[in-house]
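Note on naming: letters A, B, ... go to the chains in the order of the sequence lines (proteins, then strands), and numbering restarts at 1 for each one. Note that the structure is predicted; figures quoted are calculated from it, not measured.
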Protein chains: 2
Amino acid sequence: MNQTGQEAERLKRCGLKKTRGRENVMKTLEAAKCPVTAEKIFWELKKQRKEISLSTVYRILGTLVKKEIAKRTGSDENGRAMFELNRHIHRHYLVCLGCHKMIPVEHCPLGELEKRLEQETGFSVTGHSLEIYGYCADCQKQMLTKKKEK
Amino acid sequence: MNQTGQEAERLKRCGLKKTRGRENVMKTLEAAKCPVTAEKIFWELKKQRKEISLSTVYRILGTLVKKEIAKRTGSDENGRAMFELNRHIHRHYLVCLGCHKMIPVEHCPLGELEKRLEQETGFSVTGHSLEIYGYCADCQKQMLTKKKEK
DNA sequence: GTAGATGCAAAGTCTTTGCATGTGT
DNA sequence: ACACATGCAAAGACTTTGCATCTAC
């Protein structure tokens with residue numbers, strides 16, 4: 001469902017050399033389907049015996065962000081930067097505060113709001129970020145079972 | 001419009017001692033009206049000759065967040081954590097990518113979406129974050145004038 | 001008087017950078 | 001060949017923590 005070389009092509013279009021590191025990082029982002037930290041990518045690749053250094057992961061992510069292939073989204077619960085592919089389909093997530101799972105939401109309800117705000121304020125909207133927090137079904141069950149948090 | 005002692009009272013309710021530092025940090029958050037970094041608070045107080053150490057600012061913010069008097073929102077363009085008072089009125093911001101100004105938006109259009117998502121996914125929503133990015137009227141003007149960005 | 005708050009400096013994290021080496025075109 | 005990518009270690013930036021001192025209650 002994902003022909004090899006898709007990443008290579010995207011890199012070439014941006015005038016970037018096709019390298020082992022870049023392809024692997026991009027594949028990992030592709031596979032992730034939601035925002036991940038640099039370190040997560042690093043360990044994911046380590047697990048797959050694809051050696052790379054963490055600083056290179058950061059450098060690659062920096063490059064991808066600059067080329068708008070990826071984007072840096074807020075930060076995780078520990079303040080680490082998160083990255084995801086700049087997909088054409090626009091997406092938001094339900095973020096579980098228990099297990100930090102991120103569930104994609106298909107529908108984006110903001111277009112109309114943005115149009116109104118532009119008219120009212122003269123602000124020119126280029127994008128937005130939206131995340132919805134709460135507890136996933138699994139974590140809700142667990143919380144009912146053991147009520148010995150903190 | 002803001003009687004002295006409002007902060008003191010809120011602290012007492014949370015079982016926290018009323019100290020110079022805490023009151024000053026809370027007043028600064030109150031005055032800010034939008035998310036600020038620890039360092040911004042630090043400099044703001046310095047400007048007002050209210051001496052405090054940066055680590056204390058961080059510690060106070062940590063305490064306020066734990067007590068849910070304040071909350072930590074994402075991070076700024078440099079990855080620094082931002083904090084704001086946990087206001088009862090729920091608010092979002094238009095964030096200018098040019099000058100980093102943050103303009104509050106009154107209307108929050110997400111209640112209905114959240115209800116639907118809860119039904120569809122079994123996720124229990126406790127909150128959300130929404131920020132809208134773009135360029136404020138001033139920055140748009142400036143960009144028309146000098147087109148020598150990067 | 002005592003538990004908790006603060007300042008300072010030191011330690012911790014996460015991220016970026018300098019430099020020598022390796023690699024894609 | 002040469003520009004650019006990478007690894008490693010070191011530096012940077014932001015945040016947290018240990019400890020002695022101070023302060024609110």
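Minimum atom distance to the side chain of Ser53(A) is reached by dC8(D), of the listed dC8(D), dG7(C), dT6(C). Counting only heavy atoms from C-beta on, Arg72(B) has its side chain closest to dT16(D) among dT16(D), dC14(D), dA5(C). Out of dA3(D), dA5(C), dG7(C), the shortest distance to the side chain of Ser55(B) is found at dG7(C). Of all nucleotides listed (dG7(C), dT23(D), dT23(C)), dT23(D) comes nearest to the side chain of Lys17(B).
Under the 4.5 Å side-chain heavy-atom criterion for Ile, Leu, Val, Met, Phe, Trp and Tyr, Tyr93(B) and Leu130(B) are members of distinct hydrophobic clusters.
Contact between the side-chain N/O atoms of Thr37(A) and the OP1/OP2 oxygens of dC14(C) is not found at any separation under 4.0 Å. An OP1 or OP2 oxygen of dG7(C) is reached within less than 4.0 angstrom by a side-chain nitrogen or oxygen of Thr56(B). Contact annotation: Arg22(A) side-chain N/O to dA5(D) OP1/OP2 distance is under 4.0 Å.
Taking the six-membered ring for Trp, His128(A) and His92(B) have ring centres at least 6.0 Å apart.
We find that Glu7(B) and Arg22(B) are not joined by a salt bridge, their nearest charged nitrogen and carboxylate oxygen being 4.0 Å or further apart.
If you check distances only, the side chain of Arg59(A) does reach the base of dG7(D) with a donor-acceptor pair under 3.5 Å.
Place Lys18(B) and Glu39(B) on DNA chain D by their nearest nucleotides, and Glu39(B) ends up nearer the 5' end.
The two residues Ile52(A) and Gly21(A) come nearest to each other via the heavy atoms CD1-CA, 3.9 Å.
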